[in-house]
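All residue numbers refer to positions in the sequence shown, counting from 1.
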Amino acid sequence: MDTAHTPAGGVAGDLVGAIADMLDREPASISRETRFFDDLGFDSTSILVLLTQIETRLSFEFDPDELEPQDLETVGSLISFVERQAVS
């Protein structure tokens with residue numbers, strides 16, 4: 001795996017940590033290019049559980065009206081969404 005694309009800390013690290021915990025995987029096996037549905041086998045329920053875990057880890061709530069389907073394509077796209085929400 002190309003670890004240059006593996007998120008390490010901050011929001012990215014928290015998000016990857018939540019995914020790794022849910023799937024019982026090593027965080028290093030998850031990169032920004034990892035796709036939720038195709039690579040990780042997520043479904044809509046899994047996404048909701050993940051979003052709840054991220055909200056708990058980061059101590060804030062998402063604005064669901066801002067979440068778009070493209071924000072859930074890859075780990076990187078969700079990281080970008082969370083970072084935008086965190087500064088809003």
Worked verdict on Val82 versus Asp14 for side chain to side chain contact (heavy atoms under 4.5 Å, CB included): CA-CA 10 Å; Val82 172; Asp14 286 336; over 6 Å; no

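For the atom pair Ile19 CD1 and Phe42 CZ, the distance stands at 5.5 Å (nearest 0.5 Å). Note: Glu83 CD to Leu78 CG = 10.0 Å, rounded to the nearest 0.5 Å. Note that CD1 of Ile47 and OG1 of Thr52 are 11.0 Å apart. Values are rounded to the nearest 0.5 Å. Here CZ of Phe37 is found 5.5 Å from CG of Leu72. Values are rounded to the nearest 0.5 Å. Note: Phe81 CZ to Leu15 CG = 11.0 Å, rounded to the nearest 0.5 Å.
Qualifying side-chain contact (heavy atoms from CB on, under 4.5 Å) partners for Asp21, counting only residues two or more places apart in sequence or in other chains: Arg57. Looking at residues two or more places apart in sequence or on another chain, you find a side-chain contact (heavy atoms from CB on, under 4.5 Å) between Glu61 and Glu55.
Note on Leu48 and Phe60: separate hydrophobic clusters, where clusters join Ile, Leu, Val, Met, Phe, Trp and Tyr whose side-chain heavy atoms are under 4.5 Å apart, directly or indirectly.
Side-chain contact between Phe62 and Leu67 is absent, with no heavy-atom pair separated by less than 4.5 Å. Under the 4.5 Å side-chain criterion, counting only non-hydrogen atoms from C-beta, Leu40 is not in contact with Met22. Using a 4.5 Å heavy-atom cutoff, the side chains of Leu50 and Phe36 are in contact.
Contact record, Ile54 with Ala18: CG1-CB, 4.3 Å, taken as the closest heavy-atom pair.
Note on residues 67-77: pairs passing side chain to side chain donor-acceptor pair (under 3.5 Å), not counting sequence neighbours, are Asp71-Arg84, Thr74-Ser77.
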